Amino acid sequence: FRVSVFWRSSSLEALQRETQEKAEELAQASQYKSEFLANMSHELRTPLNSLLILSRNLADNREGNLDEEQIESARIIHDSGSNLLRLINDILDLSKVESGKMDVTLGDYPLKDLQRTLRRTFGHVAQEKRLAFDVEVAADLPETIRTDAAKLEQVANNLLSNAFKFTSSGSVTVRIGRPAPGLRIPPR
């Protein structure tokens, strides 16, 4: 009987040591991941910030040597870069992602701004693929909505990226409106 108790006690101690070792390995891996993301944050943001500054300068056209299409292209580059920077910030804030707590920043967001941003971001894609593209805002909507603008744009950009990716002919249309009367919306 004593041998059996001793074996069980030894097994329990071995399991505890193994669990402790695994926890330490996990903590070390998490530390390496955090260090990698911190380094990548700098490596990604530095050139992106330069791109944003240069595209803003081009869009401002202080020397007056760009035509409207070139100015619009510079604005598209700036807007796309800004969206990318927001996405990088969300990805690199690993503690929020891992804990499942992504901050929501509510504010008033004009629907005309969303319409303009989507047209600007994807208009050139539509041209390149020879697709018709439109963003429609229903007349019965308020001018502004209360939402997290960055998150809304990110979702819309993902949906439109897929729409353009899988559409080879015809058109892509975004309709911003109220849900259909019978549509069941899940509770929060």
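Sequence positions, counted from 1, serve as the residue numbers for this chain. Not measured: the values here are computed from a predicted model.
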### Task
Determine yes or no for a side-chain-to-main-chain donor-acceptor pair under 3.5 angstrom, with Gln70 supplying the side chain and Asp67 the backbone.
yes
### Task
Sequence neighbours left out, what passes side-chain contact (heavy atoms from CB on, under 4.5 Å) with Ala23? Give chain and number order.
none
### Summary
The complete set of salt bridge (Lys or Arg N to Asp or Glu O under 4.0 Å) pairs with one or both residues in residues 15-30, sequence neighbours excluded, reads none
### Query
Which atom names give the shortest non-hydrogen contact between Arg116 and Asp113, and what distance separates them?
NH1-OD1, 3.1 Å
### Query
When rounded to the nearest 0.5 angstrom, what distance separates OG1 in Thr147 from CG in Leu111?
9.5 Å
### Query
Is there a side-chain contact between Ile76 and Asp79, using heavy atoms and a 4.5 Å cut-off?
no
### Task
Just jot down the side-chain contact (heavy atoms from CB on, under 4.5 Å) partners of Ile71, sequence neighbours excluded, or say none.
Asn61, Leu66, Glu68, Arg75
### Message
Applying ring-ring contact (aromatic ring centres under 6.0 Å, His included), can you list everything that pairs with Tyr109, at least two apart in sequence or on another chain?
### Response
none
### Query
How far apart are the closest heavy atoms of Thr121 and Ser80, and which atoms are they?
CG2-OG, 4.3 Å
### Nearest non-hydrogen partners of Val135 and Gln115, listed with the distance
O-NE2, 2.7 Å
### Query
Taking the side chain from Ser55 and the backbone from Leu52, do they hold a donor-acceptor pair closer than 3.5 Å?
yes
### Summary
Heavy-atom nearest pair, Gly177 first then Ala138, reads CA-CB, 4.0 Å
### Task
Run through the side-chain heavy atoms of Ile, Leu, Val, Met, Phe, Trp and Tyr, join any pair under 4.5 Å, and report what else lands in Ile185's cluster.
none
### Point-to-point distance, once rounded to the nearest 0.5 Å, from CG of Leu152 to OG1 of Thr117
10.0 Å
### Task
Can you run down the side-chain hydrogen bond (donor to acceptor under 3.5 Å, both in side chains) pairs that involve residues 156-167, sequence neighbours left out, and say none if there aren't any?
none
## Note on the structure
When every non-hydrogen atom of His124 is compared with those of Arg120, the smallest separation belongs to ND1-O, 3.8 Å
### Task
Please assess Leu114 against Ile145 for the test side chain to side chain contact (heavy atoms under 4.5 Å, CB included), listing each intermediate value before the final yes or no.
CA-CA 10 Å; Leu114 177 61; Ile145 59 172; 5.8 Å; no
### Query
If you link I, L, V, M, F, W and Y whenever their side-chain heavy atoms are under 4.5 Å apart, who else ends up in the same group as Val155?
Leu159
### Arg175: partners by side-chain contact (heavy atoms from CB on, under 4.5 Å), with sequence neighbours left out
Glu136, Thr173
### Glu143 with Lys112: basic N within carboxylate O range, under 4.0 Å
no
### Query
Got a sec, which pairs hit ring-ring contact (aromatic ring centres under 6.0 Å, His included) with one end in residues 58-78, sequence neighbours left out?
none
### Task
Sequence neighbours left out, what passes salt bridge (Lys or Arg N to Asp or Glu O under 4.0 Å) with Arg119? Give chain and number order.
Asp134
#### Entry: More than 12 heavy atoms from other groups under 6.0 Å of CZ on Arg178
yes
### Task
Taking the side chain as every heavy atom from C-beta outward, state whether Thr144 and Pro110 have any pair of such atoms under 4.5 Å apart.
yes
### Query
Looking only at heavy atoms, what is the nearest atom pair of Gly81 and Leu51, with distance?
CA-CD2, 4.5 Å
### Message
Clusters formed by hydrophobic residues whose side-chain heavy atoms approach within less than 4.5 Å: which one holds Leu54, and what are its other members?
### Response
none
### Task
Tell me, please, which residues at least two apart from Leu160 pass side-chain contact (heavy atoms from CB on, under 4.5 Å).
Leu118, Phe122, Phe133, Phe164, Val172, Val174
